[in-house]
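These notes concern the structure reproduced below.
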Number of protein chains: 2
Amino acid sequence: MSELTRNQSLVLDALQSDFQPASAYTLLDRLRDHGFKAPLQVYRALEKLVESGLVHRLESLNAFVACQHDGCGRHRAAAFLICEHCKSVTEFDHARVQRAIGASAKDAGFTVRRSVIEVEGCCAACEGRDTG
Amino acid sequence: MSELTRNQSLVLDALQSDFQPASAYTLLDRLRDHGFKAPLQVYRALEKLVESGLVHRLESLNAFVACQHDGCGRHRAAAFLICEHCKSVTEFDHARVQRAIGASAKDAGFTVRRSVIEVEGCCAACEGRDTG
DNA sequence: GAGGGAATGTAATAAAATAACATCTGATTT
DNA sequence: AAATCAGATGTTATTTTATTACATTCCCTC
């Protein structure tokens with residue numbers, strides 16, 4: 001990505017402050033102090049950030065999260081472990097998963113552009129303190 | 001699932017008429033002739049159908065699709081190839097993918113409850129008639 | 001400093017999902 | 001048969017998420 005605009009930086013900073021998922025409207029609220037007034041300001045910034053790989057969209061939560069790696073810009077896929085108890089999100093190694101998807105897709109003659117991989121369950125920390 | 005109620009049957013029939021994804025509001029429109037008037041009638045039926053595995057929710061499309069297998073009730077995961085050109089959706093064999101996810105999750109000490117696997121790209125048919 | 005493309009601002013609206021509350025239906029118990 | 005209760009329904013209103021449309025500003029280039 002060339003260079004971030006002011007709005008893009010603000011949105012990215014907000015997401016990187018905790019690396020946890022936030023909805024567009026939550027981000028809007030967090031950024032009102034910085035002059036944000038309308039959803040579109042957030043959505044436009046997010047669009048570019050997602051395009052560049054600095055931010056990922058979590059389809060199952062309708063939320064956005066800052067990339068936890070440096071180089072997601074280079075891979076077209078990200079995979080997430082989403083803890084239903086503490087709501088934490090961890091990006092995980094998807095090489096194996098991606099290979100498996102590639103094989104299945106190939107069998108079907110399907111060309112993959114992007115994979116949405118979101119695993120819902122219970123993280124190690126929550127499993128420890130709770131049988132849920 | 002015990003037995004389908006009237007509303008559940010109507011929604012399931014609508015989805016099984018083409019096995020293609022439909023939003024809740026599309027279903028509502030299709031079912032107005034049958035007396036449906038409010039979104040909740042659709043959402044309530046969908047909730048039960050998804051729970052039983054007869055219908056899957058496509059997170060990346062905010063849409064619902066009838067299960068293409070018989071026994072999805074028994075597996076807690078479904079994986080989809082979504083063609084961005086013709087909008088067709090194919091449920092694919094996820095055993096390999098599920099194993100790969102299981103391995104990655106295990107490394108992180110994460111307990112999987114449900115996996116969202118939605119692969120976006122171009123199906124064989126569209127690839128044939130178009131370079132997109 | 002004029003022109004043009006990208007980024008912004010703002011208001012309005014659309015699309016997706018849920019909350020709240022009243023009502024009905026059918027099985028079970030008394 | 002009347003009382004009871006859970007599950008399914010109906011209906012209105014509201015919330016949450018996302019986009020359309022259009023005016024304005026900023027910055028680079030010529």
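Below, chains carry the letters A, B, ... as their sequence lines are ordered, and counting in each starts from 1.
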What's Arg6(A) touching, base or sugar-phosphate or nothing? Going by heavy atoms closer than 4.0 Å.
sugar-phosphate

I'd like to know if Arg30(A) and Asp18(A) make a salt bridge, using a cut-off of under 4.0 Å between side-chain N and carboxylate O.
yes

In whole angstrom, what separates Leu31(B)'s CG from dT9(D)'s C1'?
15 Å

Rounding to a whole Å, what distance do you find between Leu4(B):CG and dG7(D):P?
17 Å

I want to check one thing: is the phosphate of dA7(C), taken as OP1 and OP2, less than 4.0 Å away from some side-chain N or O of Lys48(A)?
yes

Take the protein atom CZ of Phe36(A) and the nucleotide atom P of dA7(C), then report the distance between them rounded to whole Å.
14 Å

Using the side-chain contact (heavy atoms from CB on, under 4.5 Å) rule, take Leu46(A) and Val42(A) through it: C-alpha gap first, then chi angles, then the decisive distance, then the call.
CA-CA 6 Å; Leu46(A) 285 170; Val42(A) 178; 3.6 Å; yes

Distance-only donor-acceptor test (3.5 Å): side chain Arg44(A), base dG9(C)
yes

With a 4.0 Å cut-off, would you call Glu59(B) and Arg114(B) a salt bridge?
yes

Value in whole Å for how far the P atom of dT8(C) lies from NE2 of His34(A):
15 Å

Atom-to-atom span, CG of Leu28(A) to P of dA18(D) - whole angstrom
13 Å

Side chain Gln68(A), main chain Glu91(A), donor-acceptor under 3.5 Å
yes

Can you name the atoms? Protein N/O to nucleotides 16-18 of chain C N/O, anything below 3.5 Å, with the distance.
{"from": "dA16(C)", "atom 1": "N7", "to": "Tyr25(B)", "atom 2": "OH", "distance (Å)": "3.3"}
{"from": "dA17(C)", "atom 1": "OP1", "to": "Arg57(B)", "atom 2": "NH1", "distance (Å)": "3.1"}
{"from": "dA17(C)", "atom 1": "OP1", "to": "Arg57(B)", "atom 2": "NH2", "distance (Å)": "2.4"}
{"from": "dA17(C)", "atom 1": "OP2", "to": "Tyr43(B)", "atom 2": "OH", "distance (Å)": "2.9"}
{"from": "dA17(C)", "atom 1": "O5'", "to": "Tyr43(B)", "atom 2": "OH", "distance (Å)": "3.4"}
{"from": "dA17(C)", "atom 1": "N7", "to": "Tyr25(B)", "atom 2": "OH", "distance (Å)": "2.6"}
{"from": "dA17(C)", "atom 1": "N6", "to": "Tyr25(B)", "atom 2": "OH", "distance (Å)": "3.3"}

Can you find a side chain N or O atom of Gln41(B) that sits less than 4.0 Å from OP1 or OP2 on dG10(D)?
yes

Net bend of the helix from dG1(C)-dC30(D) to dT30(C)-dA1(D), end axes of five pairs each, nearest 10 degrees:
20°

Rounded to whole angstrom units, what separation is found between the CG atom of Asn7(A) and the P atom of dA6(C)?
17 Å

If I take atom CG from residue Leu31(B) and atom CG from residue Asn7(B), how far apart are they, to the nearest 0.5 angstrom?
8.5 Å

Steps toward side-chain contact (heavy atoms from CB on, under 4.5 Å) verdict (Val65(B), Leu15(B)):
CA-CA 6 Å; Val65(B) 68; Leu15(B) 283 171; 5.6 Å; no

To the nearest angstrom, the NZ-C1' distance between Lys37(A) and dA23(D) comes to 15 Å

Before we go on, tell me: are the rings of His56(A) and Phe64(A) under 6.0 Å apart, centre to centre?
no

Measure the spacing between CD of Glu120(B) and CG of Leu81(B) and express it to the nearest 0.5 Å.
11.0 Å

Start with the C-alpha distance between Gln98(B) and Ser115(B), add both sets of side-chain angles, then the distance that settles side chain to side chain donor-acceptor pair (under 3.5 Å), and finish with yes or no.
CA-CA 8 Å; Gln98(B) 205 54 51; Ser115(B) 298; 3.2 Å; yes

Give the rounded distance in Å between these two atoms: CD of Glu47(B) and P of dA19(C).
11 Å

dA6(C) phosphate, OP1 or OP2: any side-chain N/O from Thr5(A) under 4.0 angstrom?
no

